Structure formats: structure tokens, C-alpha cells
Amino acid sequence: LPLWNQLLYEFNAAGVVSQVRVLYSEMVFCGVVPNVFSVNILVHSLCKMGDLDLALGYLRNNDIDTVTYNTVIWGFCGQGLTNQAFGLLSEMLKKGICFDSITCNILVKGYCRLGLIKYAEWVMHNLVDGGIPKDIIGLNTLIDGFCEAGLMSHALSLMENGERGGLMPDIVTYNTLLNAFCKMGNLVRAESLINEILGFQRDKESGLFENYVVQNQAEIKDLRPTLATYTTLIMAYCKQLGIEEALSLYEKMIMNGIMPDVVTCSSILCGLCRHGKLTEAALLLREMYKMGLDPNHVSYSTIINSLFKSGRVVEAFNLQGQMVVRGISFD
RNA sequence: GACCUUUUCGAGUACGC
């Protein structure tokens, strides 16, 4: 059975949703009785392709758990049907299936996406009343929601309140705020956030944390810049300080042992294009293949669009052809 | 005993002002 489940999982992860259904029926046909895990994978793949009615059908099974419901709630939220998703909570309780922090986080995200931050906040507040522990992921989701709405002061106070309540901000919290400041063009605030992160790191390395009142040291040690941190900053540098600064930050990143991915390179690619350095951009594209970071449709469309805009039509079509040859689909 | 599922941050494109 674990083997069947692994196979189901692989198909689902690869995005071959139809195969998940086929395999599932084959299991039954072979006399293998699917367990909760099998059902959960199937339901997940159904939700992923938007087949909510079919997914709902599986909720009538007896052998389902919190994860099954979370998956379906996730599916509804993904379609913008957060209210219906919310409605499933009472159904869960009737069946004696508890919901958890993850359920609530999914709903918080769902409401944020609709711009209904008040509702998202309400869900968060009622976590405590319901005796469900808040976690940093939910808090980050809400903070991101406030950032998206341009309510930075609320976002920042959420972080402070969380900290006071024992929810230590993690690197994602900082990345979220960093991204918001960068998008607003506020490099000053962005860099002060970076200094805060690096400050934590320095203090930790020099053992200064013993002077702090820290409940759980493990939560603080993750405050190291990640690839997303660097990519966000590199993007902002491209826009406001110029390509040179961005590239030197890129070098610094690699020296710190963090390797770029497709998104990082595409960001630089975009920066080069914006500054009219299309030849360099084309070079970077080739470089990406050498680094084993296969450019995707975003990388290509970035450069193809700028080539068109500057009248270099032939090169643009060449790249478009290359895209097709490499089997990269358009969005 | 071993297997499995769900949630948070980063890239291009918007002939509108």
C-alpha cells in the first residue's frame, strides 16, 4: 500500500492529475483497499485541477480525517470560494473531526487573497478562543495580507504583538516585510530590516544572546538570509541603484554559500533588459543553461518582450523558436 | 514498527492615469 501511495504522490506532484485518478481506480480493481492517505492524495489532485464537486464527494467517506478536509478547504479557497470553505468547518465538527492551525491558516490566506483582511484577522483571533495555537505561518500570512493592502503600520504592529505573545518572527516574516518595502521603493527601510537580520546573526555568533531573554533559541537561529531575501534585494537594487550594485550583491550572495535559482537569474535578466543591456541578457540566458538552471517561460518572455520593444525582431523570433525547441510552454 | 496528504516570502506580461 505504501508503494501505491508513493506512486499516487509522484503522479500528483508531477501534475499528471488524470493519471492519479486512473491509478486510484486500478488500485481498487486490483483489490487493494485505499487508505486515508490514498484518498487524500486523490482529493488533492482533484482540488488542484478545480474539480471541487468530485472532491466534495469524497468527504462523504467515513475514513477521512482533518487533512482531507483541509485539502478540500484549500481547494475552495484557491477558487476564491473562501466563504464556502469556511462553511465546511461546521460540517467537520458535526462529524467529530477537529480542525487545526493549518485549517485556519488556509482560511486566513483565502480571505487575504480576496482582500478581506478583516475576515482573515477574525479567523486568526478566534484561533485563540477555539483553543487552537497560532503559529508563525498564519501570522506571516496575515502580515503579508496587510502588506499587500498597503497597511504597513498594521503589518509591523502585528509582528510586534506576535513577538510579545511568544511568536518569534522568522526569516519569512522579514522577507515579507522586506518585499513590501522594496516594492514601495523604500530602500532605507529595507536596508534597516537587513541590518536587523544581520544583527541577530552577529549577536548569535558572538554569543551575545545570553544577554537576551530568549525562550527558544532554536527559533532565532533561523534568521539567516535566504535565497528569497537576496532575490528581493537584488531586484530592488536593479530598479533603484543600478545593475552594478545588483551584481555585486549577487556575488556577495554566492560567497555566502547561497546559490541562485531560476527566479534570481530571471530578476537579473529583467534588470539587464530594463537598462537596455539586451546583449548581456542574452548571454545570461545561455549562462543559465551552463549553471544547470534551465530558463523557464518567464525568463524567455522577459527578454523576448524587450527585444521586440527595441525593434530587434529577428533575435526575438530566434529565441521564441528556441523556446519551442526546448519544449518550454507559454503561460 | 517503516510509507502518505494541507498553510506563509522572491522573477516577466496589463496601449489605463
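Owing to the predicted nature of the structure, the values given are computational and were not obtained by experimental measurement. Convention: sequence-line order gives letters A, B, ...; per-chain numbering from 1.
Considering every non-hydrogen atom in both A/Leu139 and A/Leu167, the closest pair reads CD2-CD1, 4.2 Å.
In this model, no side-chain donor or acceptor of A/Thr232 finds a partner on the base of B/G10 within 3.5 Å. Judged by distance alone, with hydrogens and angles left aside, A/Thr302 brings no side-chain donor or acceptor close enough to the base of B/G12 to form a pair under 3.5 Å.
Here the nucleotide nearest the side chain of A/Thr141, chosen from B/G12, B/C9, B/U8, is B/U8. The nucleotide whose nearest atom lies closest to any side-chain atom of A/Ile102 is, among B/U7, B/G12, B/A11, B/U7. Closest approach to the A/His44 side chain among B/C3, B/U6, B/C9 is made by B/U6 (side chain taken as heavy atoms from C-beta onward).
Near RNA chain B, meaning a heavy atom under 4.0 Å from it, residues 256-279 of chain A has A/Asp261, A/Val263, A/Thr264, A/Ser266, A/Ser267, A/Cys270, A/Arg274 in order of number.
Cation-pi check for A/Arg326 over A/Tyr300 is not met; the charged atom does not lie both under 6.0 angstrom from the ring centroid and within 45 degrees of its normal.
Here the C1' atom of nucleotide B/A11 and the OH atom of A/Tyr300 are 16 Å apart, to the nearest Å.
Defined by atom type and a distance below 3.5 Å, a donor-acceptor pair is missing between the side-chain atoms of A/Tyr58 and A/Asp63.
For A/Lys109 and B/C9, the shortest distance from a side-chain N or O to OP1 or OP2 is below 4.0 Å. For A/Lys309, no side-chain nitrogen or oxygen approaches OP1 or OP2 of B/G12 to under 4.0 Å.
Taking NZ of A/Lys134 as the reference point, atom NE2 of A/His125 lies at 5.0 Å (rounded to 0.5 Å).
Nucleic acid contact for A/Asn35: none, since no nucleic acid atom lies under 4.0 Å from a heavy atom of the residue.
The list of side-chain hydrogen bond (donor to acceptor under 3.5 Å, both in side chains) pairs with a residue in residues 136-153 of chain A, not counting sequence neighbours, reads A/Asn140-A/Asp170, A/Asn140-A/Thr173.
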